[in-house]
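Input: a single structure, listed below in structure tokens.
Fair warning: this is a prediction, and the values are worked out from it, not measured in the lab. Ligands are counted one by one from 1 in listed order, and the atoms in each one are counted from 1 as well.
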Amino acid sequence: MSLNKSRLRYVALLLMIPAAVLGATTLFTPNFNSIVAHGPIQLGHSELACADCHWDSTGTVRQQVQANVAFALGNRATAVDFGYQVVTSAQCLHCHERPNERHPIYRFNEPRFAEVRQDINANSCLGCHTEHQDARVSVTNTVCSHCHQDLKLSNDPLDIAHEQLVEDKHWDTCLGCHDFHGNHAHKAQSHVSEAFNVGVIRSYFKNGDNPYGSEKHYKAKTND
Ligand code: HEC
Ligand code: HEC
Ligand code: HEC
Ligand code: HEC
Ligand code: HEC
């Protein structure tokens, strides 16, 4: 058995277990919400509990400690998370999974999106929605440009055709007529002058008013 570098670092970490366990258990206790919040949660999540996204790691704290001691000693191949899991799309989908999603994330695991994924993690909710930033959306409103460069409609209904908008690089118009997920009842306008102003879209990203209206095809689950 050899103690490689990462294991040695792990031994050092183990010395901090009591502090870490205490930290993990107190951090997500409701009473501490207002004190230790990592940063402001977006408006739509104001009623959520920390634990709705920060799920407990599987196993009891004792099992986690045992597993990590075994890892540090070289008797186990991997370490386990302490106290709570890293937040991934799984937590989001638990409440936001819906049929008829226009841009489902699993689709962007396909090889043809490999290059796009280097610029934007479209295969993860967190690629466009980091939490704790007091914002609904954390990418720019021109995000459409990553994938719709070849856009051309055979019977284009717009007064300025999509092909022309793309040629002129008017990527900040897209969200003026289309939402991203297709979850709002909103119907796309057909005159570019009727598109929502880019300032309105940017404000919506930052918790401002929703220009597409409040009517949604699917409502998110609340905590159960
Ligand atoms: C809607 C989901 C969600 C809710 C609710 C939520 N968080 Fe988070 N939290 C995240 C995500 C996603 C990250 C990782 C990205 C980041 O650092 O912004 C994170 C990161 C953190 C981190 C940093 C941990 C690390 O490993 O970097 C802390 C601390 C934290 N959250 C505390 C809280 C507390 C306290 C609450 C309750 C007031 C809370 N969170 C509620 C999603 C959430
Ligand atoms: C426990 C359930 C739950 C979890 C987990 C959760 N959400 Fe939400 N989310 C909601 C609810 C409820 C709302 C408010 C109602 C709505 O807008 O549908 C909401 C609102 C939102 C909104 C704003 C909607 C609007 O119109 O204002 C975004 C964006 C969002 N969630 C993204 C995420 C992402 C990304 C994650 C994962 C990090 C996540 N949510 C995790 C329940 C959840
Ligand atoms: C490529 C970027 C991108 C990814 C990836 C992404 N979103 Fe979004 N999301 C957006 C944009 C842009 C908006 C604002 C336009 C709109 O409302 O559709 C948005 C809006 C939302 C909203 C509010 C409107 C609604 O549909 O109710 C929710 C909730 C949401 N996203 C959840 C998620 C969840 C959950 C995931 C992962 C399964 C995810 N998003 C992945 C870009 C993204
Ligand atoms: C990561 C790649 C990616 C990004 C980013 C992206 N799209 Fe798409 N979009 C797609 C794919 C793939 C399709 C499906 C096209 C097909 O089936 O031919 C699609 C389809 C659509 C459709 C048609 C949906 C339908 O049901 O007919 C609209 C509208 C759309 N996207 C708008 C947008 C807008 C607006 C943005 C920017 C906010 C955007 N997209 C960003 C990949 C993307
Ligand atoms: C003035 C409003 C408006 C603007 C701006 C706009 N669109 Fe559209 N778009 C429409 C309408 C209307 C349709 C046809 C009906 C529908 O799909 O809702 C459409 C259709 C689409 C489709 C479906 C194509 C198909 O094959 O069915 C995609 C993808 C799309 N738009 C993406 C974009 C992108 C990307 C941008 C930004 C460059 C953009 N749109 C800008 C209104 C707009």
Task: ligand 3 versus Ser124: contacting region, heavy-atom distance under 4.0 Å - done: backbone
Task: For Thr222, atoms of ligand 2 separated by under 4.0 Å from a heavy atom - done: 12 (C)
TODO: Considering just N/O/S atoms, say which atom of His96 is closest to atom 8 (Fe) of ligand 2.
DONE: NE2
Open item on the list: Looking at ligand 5, is there an atom of it that comes within less than 4.0 Å of some heavy atom belonging to Gly176?
Closed with: no
Task: Contacting atoms of ligand 3, where contact means under 4.0 angstrom from a heavy atom of Ile120 - done: 1 (C)
Task: Proximal atoms of ligand 5 relative to Leu151 (non-hydrogen, under 4.0 Å) - done: 28 (C), 29 (C), 32 (C), 33 (C), 34 (C), 35 (C)
Task: Sidechain-backbone polar pair: Ser138 side chain, Cys128 backbone, donor-acceptor under 3.5 Å - done: yes
Task: Whether Tyr204 and His184 hold their rings parallel, tilted or perpendicular, with breakpoints at 30° and 60° - done: perpendicular
- [ ] Check if Val139 has a non-hydrogen atom at a distance under 4.0 Å from any atom of ligand 3.
- [x] no
Open item on the list: So if I count the atoms of ligand 3 from 1 in the order they appear, which ones are less than 4.0 Å from some heavy atom of Asp179?
Closed with: 16 (C), 18 (O)
Open item on the list: Can you confirm whether the side chains of His54 and Gln85 place a donor and an acceptor under 3.5 Å from each other?
Closed with: no
- [ ] Give a yes or no answer on whether the side chain of Gln91 reaches the backbone of Thr88 with a donor-acceptor pair at less than 3.5 Å.
- [x] yes
Task: N/O/S from His181 sitting under 2.8 Å away from atom 8 (Fe) of ligand 3 - done: yes
Open item on the list: With a 4.0 Å cut-off on heavy atoms, is His94 in contact with ligand 2?
Closed with: no
Task: Min heavy-atom dist His184 to ligand 3 below 4.0 Å - done: yes
Task: Identity of the nearest option to atom 33 (C) of ligand 3, non-hydrogen atoms only, from His217, His129, Gln42 - done: His129
- [ ] Decide, counting backbone as well as side-chain atoms, whether Cys95 has an N, O or S atom less than 2.8 Å from atom 8 (Fe) of ligand 2.
- [x] no
Task: N, O or S from Cys92 under 2.8 Å to atom 8 (Fe) of ligand 2 - done: no
TODO: Within a distance under 4.0 Å of any heavy atom of Cys177, pick out the atoms of ligand 5 and give their elements.
DONE: 1 (C), 2 (C), 3 (C), 4 (C), 5 (C), 42 (C), 43 (C)
Task: Closest to atom 14 (C) of ligand 5 (judged by heavy-atom distance), picking from Ala195, Ala188, Pro157, Cys174 - done: Pro157
Open item on the list: Whether the side chain of Glu101 engages the backbone of His103 through a donor-acceptor N/O pair (distance < 3.5 Å, no angle test) should be reported.
Closed with: yes
Task: Neighbour count above 12 (heavy atom, 6.0 Å) for Asp168 CG - done: yes
TODO: Between Cys128, Ala90, Gly44, flag the one that comes closest to atom 4 (C) of ligand 3 by a heavy atom.
DONE: Cys128
Open item on the list: Donor-acceptor check, side chain of Asp119 to backbone of Val116, threshold 3.5 angstrom: yes or no?
Closed with: no
TODO: Enumerate the atoms of ligand 2 whose separation from the nearest heavy atom of Asp52 is less than 4.0 angstrom.
DONE: 1 (C), 5 (C)
Open item on the list: When you compare ligand 2 with Lys216, is there at least one nitrogen or oxygen pair between them that comes in under 3.5 angstrom?
Closed with: yes
- [ ] Examine distances only and state if a side-chain atom of Arg117 and a backbone atom of Glu110 form a donor-acceptor pair shorter than 3.5 Å.
- [x] yes
- [ ] Just jot down the ligand 2 atoms closer than 4.0 angstrom to any heavy atom of Lys221, in number order.
- [x] 2 (C), 12 (C), 42 (C)
Task: Numbered atoms and elements of ligand 5 in range of Val192, under 4.0 angstrom, heavy atoms - done: 1 (C)
Task: atom 24 (C) of ligand 5: the protein heavy-atom neighbour that sits closest, reported with distance to 0.1 Å - done: Leu153 CD1, 3.7 Å
Task: N or O pair under 3.5 Å between Thr88 and ligand 2 - done: no
Open item on the list: Under 6.0 Å between ring centres: does that hold for His148 and Trp171?
Closed with: no
TODO: Please confirm whether His45 comes within less than 3.5 Å of ligand 2 when only nitrogen or oxygen atoms on both sides are compared.
DONE: yes
Open item on the list: Is it the case that over 12 heavy atoms from other parts of the model lie below 6.0 angstrom from the CD atom of Gln149?
Closed with: yes
TODO: Could you check atom 13 (C) of ligand 3 against the protein and tell me its nearest heavy-atom contact, residue, atom and distance included?
DONE: Val137 CG2, 3.6 Å
- [ ] May I ask you to list the atoms of ligand 5 that are less than 4.0 angstrom from any heavy atom of His191?
- [x] 1 (C)
- [ ] Examine all N, O or S atoms of Cys125, backbone included, and report whether one is under 2.8 Å from atom 8 (Fe) of ligand 3.
- [x] no
Task: Numbered atoms and elements of ligand 5 in range of Leu158, under 4.0 angstrom, heavy atoms - done: 1 (C), 2 (C), 3 (C), 4 (C), 6 (C), 7 (N), 10 (C), 42 (C), 43 (C)
Task: Where Ser46 and Ile41 come nearest, the two heavy atoms and their spacing - done: N-CG2, 4.5 Å
Open item on the list: Can you tell me how far apart SG (Cys177) and NE2 (His186) are? Round to the nearest 0.5 Å.
Closed with: 6.0 Å
Task: Ala122 heavy atom under 4.0 Å from ligand 3 - done: yes
- [ ] Answer with side chain, backbone, both or neither: which part of Asn210 has a heavy atom less than 4.0 angstrom from an atom of ligand 3?
- [x] neither
Open item on the list: Would Phe180 count as a polar contact of ligand 3, with the cut-off being nitrogen or oxygen pairs under 3.5 Å?
Closed with: yes
Open item on the list: Please compare Phe205, Phe108, Tyr106 and report which has the shortest non-hydrogen distance to atom 12 (C) of ligand 3.
Closed with: Phe205
TODO: Examine distances only and state if a side-chain atom of Asn183 and a backbone atom of Tyr218 form a donor-acceptor pair shorter than 3.5 Å.
DONE: yes
- [ ] Describe, in one word, how the ring planes of His45 and His96 are oriented to each other, choosing from parallel (under 30°), tilted (30 to 60°) and perpendicular (over 60°).
- [x] tilted
Task: Any N, O or S atom of His162 closer than 2.8 Å to atom 8 (Fe) of ligand 5 - done: yes
TODO: State the atoms of ligand 3, each with its element, that fall below the 4.0 Å cut-off from a heavy-atom position in Tyr204.
DONE: 14 (C), 15 (C), 16 (C), 17 (O), 23 (C), 24 (C)
Task: Any Tyr218 heavy atom less than 4.0 Å from ligand 3 - done: no
- [ ] Within a distance under 4.0 Å of any heavy atom of Ala220, pick out the atoms of ligand 2 and give their elements.
- [x] 10 (C), 11 (C), 12 (C), 18 (O), 42 (C)
Task: Atoms in ligand 5 flagged as close to Gln189, the criterion being non-hydrogen separation under 4.0 Å - done: 1 (C), 2 (C), 12 (C), 42 (C)
Task: Min heavy-atom dist Glu131 to ligand 2 below 4.0 Å - done: no
Open item on the list: Within the protein, is there a heavy atom lying under 4.0 Å from atom 16 (C) of ligand 5?
Closed with: no
TODO: Please confirm whether Arg98 comes under 4.0 Å of ligand 3, counting heavy atoms of the residue only.
DONE: yes
Open item on the list: So for Asn123, does at least one of its heavy atoms come nearer than 4.0 angstrom to any atom of ligand 3?
Closed with: no
Task: Closest candidate by heavy atom, reference atom 43 (C) of ligand 5, pool Lys169, His178, Lys187, Arg102 - done: His178
Task: Part of His103 within contact of ligand 3 (heavy atoms, under 4.0 Å) - done: neither
Task: Minimum side-chain heavy-atom gap Gln42-His132 below 4.5 Å - done: no
Task: Note, Leu158 side chain near His191 side chain (heavy atom, < 4.5 Å) - done: no
- [ ] Under 4.0 Å, heavy atoms only, figure out whether ligand 2 is touched by the backbone of Arg136, its side chain, both or neither.
- [x] both
